[in-house]
Novice: 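First the structure, which I've put down as structure tokens, then a few questions once you've had a look.
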Amino acid sequence: MIEVLFADSETAAMKVAKNTIMHGKTDGPTSVWFVGKKKPPQKSFAGWIPGTSREVIGLSFLLDVGDIRQEVNSDYRKKLICSLYAQEQWGRDAELERELREATDAYANELVRLQHYLEDGESIRIWYSDAPYSRCGFYMLCGLLQKYENDISVVKMPEYEIRGNTIQRYQSWGEVSAEEFAAFLPYEKKLSKQEIRMNAGFWSELQEENSPLRAVVNGQLVGVSESFYDFLIWKRLTDEPIKEARLIGNILGYYPLGIGDWWYAKRINHFISEGKIKVVEDSEKKYARMICLA
């Protein structure tokens, strides 16, 4: 079974959950490499998912942002992802540029790996949520799946999970630890050809509209303007100077809408250039600078 997810953090967690074999090294007078079965954690253990980490695909294309008429593995998409992820640095030095380029090339390679699995007839299990990047990735993937006859199933993140006497809410699979993924397998359901076609149609409509940003509004994924989330910045920013990282962290904590910190950083940069936000104390790291209302 091939697992497909749509962000780096959740893909990494799934690789841990999927690989029941532990590789490690004991240190001492003589270092020894060993391979053994992973031991379950003491708490919150739902079980490992059978298979290997090689059977996990991460399609981290951030499709809720930017032009989606371009191919997902295009140079445009790679440059967009690089520009968003590089915002915590003032400069775009050669080392950072190389690392980001390698990361975006890896996303394209993941898509190729998935296509090979599909051509080999492998069963595919898609893990998605209502976070905009995830819904976009899911719809895009359904567009690709239309020409294949593989068994396709989905695990959509539920609104909440009851854990003993508490209720646990999640916004995305990135909030789920590796040892918890197996607890969500009862939500798995087969995806019919009709459902694949319907979701592919949603993606075609979004591509036709091609708004600069996509958001989930009342449960529906829709195209919106770049300014859609701006009111959240104005709700949390005051005349009192605050570190940019703290401001963004507050927004993410109070309003967990599935949009990344990099988007708010991009908009803050925009408002600084317009003179609407003032940099009180600058820093080599953009997230460390002190800002306030201008």
Side-chain angles (χ1 to χ4, degrees), residues 1-23 36-61 110-111 113-118 120-142 144-145 148-200 216 219 221 256 258:
M1 176 72 76
I2 308 303
E3 320 291 345
V4 181
L5 303 96
F6 301 103
D8 289 342
S9 58
E10 58 201 48
T11 300
M14 176 59 77
K15 286 181 177 180
V16 176
K18 188 83 168 175
N19 192 357
T20 58
I21 303 300
M22 175 177 63
H23 299 261
K37 193 168 184 179
K38 284 194 302 192
K39 293 181 180 180
Q42 293 297 312
K43 298 179 180 179
S44 304
F45 181 63
W48 303 120
I49 296 177
T52 71
S53 58
R54 183 68 182 166
E55 297 168 344
V56 180
I57 300 287
L59 303 180
S60 308
F61 291 111
E110 288 286 88
L111 185 61
R113 279 211 308 131
L114 175 60
Q115 290 170 328
H116 287 162
Y117 281 128
L118 287 167
D120 289 341
E122 294 279 0
S123 298
I124 306 296
R125 181 161 52 205
I126 306 167
W127 301 73
Y128 80 101
S129 68
D130 279 333
Y133 73 85
S134 189
R135 280 276 288 272
C136 285
F138 174 54
Y139 289 167
M140 178 278 296
L141 182 53
C142 284
L144 296 179
L145 292 174
Y148 295 98
E149 299 297 328
N150 306 60
D151 288 334
I152 309 294
S153 62
V154 294
V155 183
K156 187 185 180 202
M157 173 162 280
E159 183 179 357
Y160 60 85
E161 274 275 286
I162 298 177
R163 302 285 176 84
N165 295 323
T166 64
I167 292 180
Q168 178 69 55
R169 290 181 177 273
Y170 298 99
Q171 297 299 320
S172 72
W173 289 111
E175 299 174 0
V176 176
S177 62
E179 56 268 21
E180 293 180 296
F181 269 99
F184 294 89
L185 286 175
Y187 294 103
E188 180 180 6
K189 74 180 210 50
K190 185 175 181 180
L191 199 63
S192 69
K193 294 294 289 184
Q194 292 86 350
E195 288 172 308
I196 291 173
R197 187 163 53 249
M198 175 186 69
N199 292 322
V216 175
L221 185 66

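Heavy atoms only: backbone and side chains are in, while hydrogens, waters and symmetry mates are out.
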Novice: First locate atom CD of Glu179, then atom CD1 of Ile49, and finally report the distance between them rounded to the nearest 0.5 Å.
Specialist: 11.5 Å
Novice: Please enumerate all residues that pass ring pair (Phe, Tyr, Trp, His ring centres under 6.0 Å) together with Phe61, with sequence neighbours excluded.
Specialist: none
Novice: To the nearest 0.5 Å, how far apart are SG in Cys142 and CZ in Arg197?
Specialist: 11.5 Å
Novice: Tyr128: which residues meet the ring pair (Phe, Tyr, Trp, His ring centres under 6.0 Å) condition with it, sequence neighbours left out?
Specialist: Phe138
Novice: Using ring centroids (six-membered ring only for Trp), state whether Phe6 and Trp173 fall under 6.0 Å.
Specialist: no
Novice: Considering all heavy atoms of both residues, which atom of Phe181 and which atom of Ala13 are nearest to each other, and what is their separation?
Specialist: CE1-CB, 3.7 Å
Novice: If you look at every heavy atom in Ala17 and Ala178, which pair is closest and at what distance?
Specialist: CB-O, 3.1 Å
Novice: Please list, chain by chain and in numerical order, all residues satisfying side-chain contact (heavy atoms from CB on, under 4.5 Å) with Pro158, sequence neighbours excluded.
Specialist: Glu161, Phe184, Tyr187
Novice: Going by salt bridge (charged side-chain N to carboxylate O under 4.0 Å, His left out), name the residues that satisfy it together with Glu188, two or more places apart in sequence or in a different chain.
Specialist: Arg125
Novice: Salt bridge (charged side-chain N to carboxylate O under 4.0 Å, His left out) with Arg169: which residues, sequence neighbours excluded?
Specialist: Glu159
Novice: Just verifying a value: how many Å separate Asn150 CG and Ser123 OG, rounded to the nearest 0.5 Å?
Specialist: 7.0 Å
Novice: I'd like to check the side chain to side chain donor-acceptor pair (under 3.5 Å) partners of Asn199; sequence neighbours left out, ordered by chain and number.
Specialist: none
Novice: Run the side-chain contact (heavy atoms from CB on, under 4.5 Å) test against Gln171 and tell me which residues pass, sequence neighbours left out.
Specialist: Glu175, Pro256
Novice: Name all residues meeting the salt bridge (charged side-chain N to carboxylate O under 4.0 Å, His left out) criterion together with Arg113; count only those two or more places apart in sequence or in a different chain, and write none if there are none.
Specialist: Glu110
Novice: Using the side chain to side chain donor-acceptor pair (under 3.5 Å) criterion, which residues pair with Trp127? Sequence neighbours excluded.
Specialist: Glu3
Novice: Indicate the atoms forming the closest heavy-atom contact of Leu221 with Arg135, along with that distance.
Specialist: N-NH2, 3.4 Å
Novice: Taking all heavy atoms of Ala131 and all of Gly258, pick out the closest pair and write down the distance.
Specialist: CB-CA, 4.0 Å
Novice: Short question: side chain of Lys15, backbone of Arg54 - any donor-acceptor pair under 3.5 Å?
Specialist: no
Novice: Where do Ser134 and Ser129 come nearest, in terms of heavy atoms and distance?
Specialist: OG-N, 2.9 Å
Novice: Could you grab the distance from atom CD1 of Ile152 to atom CD1 of Ile2, nearest 0.5 Å is fine?
Specialist: 10.5 Å
Novice: Any chance you could measure Ser60, atom OG, to Leu5, atom CG, to the nearest 0.5 Å?
Specialist: 8.5 Å
Novice: I'd like to check Lys193 versus Glu149 (side-chain heavy atoms, cut-off strictly below 4.5 Å). Are they in contact?
Specialist: yes
Novice: For Ser192, check side-chain contact (heavy atoms from CB on, under 4.5 Å) against everything at least two apart and list the hits.
Specialist: Gln194, Glu195
Novice: Mind checking what makes salt bridge (charged side-chain N to carboxylate O under 4.0 Å, His left out) contact with Glu10, not counting sequence neighbours?
Specialist: none
Novice: Only counting residues at least two apart or in another chain, list the ones meeting side-chain contact (heavy atoms from CB on, under 4.5 Å) with Leu114.
Specialist: Val4, Ile57, Leu59, Leu118, Ile124, Leu141
